[in-house]
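Please read all numbers here as calculations on a predicted model, not as lab measurements. Chain A is the first sequence line, chain B the second, and so forth, proteins listed ahead of strands; every chain is numbered from 1.
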Protein chains: 2
Amino acid sequence: MLSMNAPALATLTRLRTACSQCNLRELCLPVGLNADELNSLDNLVSTRRKIRRGDSLFYGGEPFSALYAVRFGFFKSTLTSGDGREQVTGFYMAGELLGMDGIGADRHTCTLTALEDSEVCVMPFARVEELSRRFEPLQRHFHKVLSREIVRDQGVMMLLGSMRAEERLAAFLVNLSQRLTTRGFSASEFVLRMTRDEIGSYLGMKLETVSRLFSRFQEDGMIEVHQKHVRILDIAGLRRVMAQAHSPN
Amino acid sequence: MLSMNAPALATLTRLRTACSQCNLRELCLPVGLNADELNSLDNLVSTRRKIRRGDSLFYGGEPFSALYAVRFGFFKSTLTSGDGREQVTGFYMAGELLGMDGIGADRHTCTLTALEDSEVCVMPFARVEELSRRFEPLQRHFHKVLSREIVRDQGVMMLLGSMRAEERLAAFLVNLSQRLTTRGFSASEFVLRMTRDEIGSYLGMKLETVSRLFSRFQEDGMIEVHQKHVRILDIAGLRRVMAQAHSPN
DNA sequence: CAATCCCGTTGATCCCGGTCAACCGGGTGG
DNA sequence: CCACCCGGTTGACCGGGATCAACGGGATTG
């Protein structure tokens with residue numbers, strides 16, 4: 001560091017936040033771009049920010065200024081109702097976008113909390129919009145990301161509105177496994193970053209029910225659980241559980 | 001019509017779909033625009049489309065090509081899961097935007113069905129994106145609409161995940177009343193466009209429970225119900241019901 | 001105008017998941 | 001390194017809402 005001149009330092013900083021160099025590029029940005037096009041996106045990210053486990057990236061009610069892409073780590077988003085009840089509305093991992101709830105009212109509605117030491121790329125929203133106007137593939141991509149968040153939420157509504165507890169938990173495990181696979185992790189063995197209480201809140205059931213269902217799934221030979229460690233033994237079985245129509249009307 | 005020359009006819013068609021002349025402008029479009037700016041948005045809408053009660057605007061799985069703004073009428077959106085279960089994911093009225101679920105995968109995920117004879121403005125999505133790139137206030141507005149849909153969905157997740165049946169129904173009535181007020185209708189007296197079954201699906205409960213709760217609210221003097229006709233007598237009471245934390249942990 | 005069917009209401013019973021409680025084990029912080 | 005505390009598991013019991021069933025009335029359709 002001591003022997004570096006100013007331009008070299010600038011380059012180094014540049015590299016540190018260059019999307020074109022990021023191995024999560026395929027998750028965050030539009031695909032099929034050439035090097036030139038990619039470079040034009042390199043000033044999308046202003047800085048990076050580390051968030052320690054248990055700390056929050058932003059709180060509900062806070063003014064909105066930027067979107068965040070998870071570089072590594074794990075987050076939960078929570079919504080607090082007027083009377084203080086807290087609902088977990090989602091879990092987010094590497095390559096996923098946070099903060100889109102804030103655009104509508106220039107103020108975040110939910111709180112984003114790190115469930116393990118994490119790092120995010122900070123993308124000032126004004127910059128996102130400006131680059132979207134100038135760069136059609138980015139606009140397209142950004143709209144897709146927003147839309148997919150809507151679709152994801154509707155999926156959760158279906159989960160909560162029309163499925164039984166065991167179906168919901170099975171769906172949760174299958175979904176988690178899929179997302180981890182996309183990121184190159186094992187599909188069958190992983191460590192839960194959240195507590196039983198947080199899973200329960202997300203799935204609309206009590207922590208005791210989550211615990212009991214984990215035990216039941218284990219008895220049925222579909223999974224192996226030890227605390228936060230989960231091994232999936234029969235993903236087809238889980239899929240069967242989550243799809244079983246309980247009331248044949 | 002017989003005596004009209006071609007240009008005059010064109011003007012008439014133009015007027016028919018001109019956003020600048022629409023009385024729902026404040027609900028659909030960014031506010032605070034001057035006449036010139038408004039005129040530049042007039043080719044956002046290609047045509048209008050009437051949908052008869054019971055018919056669908058689009059179906060889940062269908063290719064996505066346009067967004068739709070409700071001009072008048074009432075819609076429900078439904079999601080059908082793999083095993084055929086149907087979940088109502090939302091109700092939409094005049095001035096609200098439909099079809100945003102389709103952007104993410106170029107294919108609609110939910111089905112939109114008219115619950116009364118309705119009409120929508122058809123906005124080809126390519127045109128929406130093009131105008132968004134050229135016209136910053138529209139871009140801003142469009143992003144806000146997308147974000148608000150996310151926030152709305154998260155609100156429903158909280159409803160379904162952490163509230164009891166009576167709280168959910170109270171919240172539903174309060175929300176309906178609010179949205180009708182915004183559109184200049186009576187806040188205290190309205191006709192439900194959907195059946196008990198559809199309300200139940202949306203709120204994650206059975207139609208019998210919806211019916212029983214309506215009766216209970218009526219006994220408690222908070223509402224008056226006769227079939228689809230509802231009169232709200234004590235909105236504060238409903239708000240109290242929807243906010244009551246049932247389990248003081 | 002009449003017939004039909006769907007929608008809504010209400011009662012009786014049941015069961016899934018919530019509630020309360022006790023215990024245990026492992027990770028964390030002093 | 002040890003103690004503490006939080007998170008997880010399991011059991012017993014309870015209750016809200018689902019299920020099953022019967023009936024009634026309005027609105028649509030021919």
Beyond-backbone contact of A:Glu96 with A:Glu149, side-chain heavy atoms, under 4.5 angstrom: no
Please work out if [X] contacts a base, only the sugar-phosphate, or nothing of the nucleic acid, heavy-atom cut-off 4.0 Å.
X: B:Gly200; result: nothing
X: B:Ser211; result: base
X: B:Arg168; result: nothing

Ignoring backbone atoms, test whether [X] places a side-chain nitrogen or oxygen under 4.0 Å from the OP1 or OP2 oxygen of [N].
X: A:Arg164; N: C:dC16; value: no
X: A:Arg196; N: D:dT9; value: yes
X: A:Ser215; N: D:dT10; value: yes
X: A:Lys228; N: D:dG8; value: yes

Which of the following nucleotides, D:dT28, C:dG11, D:dT10, is nearest to the side chain of B:Arg212? C:dG11
What nucleotide among C:dG17, D:dG8, D:dG17 has an atom nearest to a side-chain atom of B:Thr209? D:dG17
Is the distance between the ring centroids of B:Tyr68 and B:Phe58 under 6.0 Å? yes
A:Tyr92 ring center near A:Phe74 ring center (under 6.0 Å): no
Please check if atom CZ in B:Phe185 has more than 12 non-hydrogen atoms from other residues, nucleotides or ligands closer than 6.0 Å. no
Is a donor-acceptor contact shorter than 3.5 angstrom present between the side chain of B:Glu198 and the base of C:dC7? no
Does any N or O donor sit under 3.5 Å from an N or O acceptor when you compare the side chain of A:Arg216 with the base of D:dT10? no
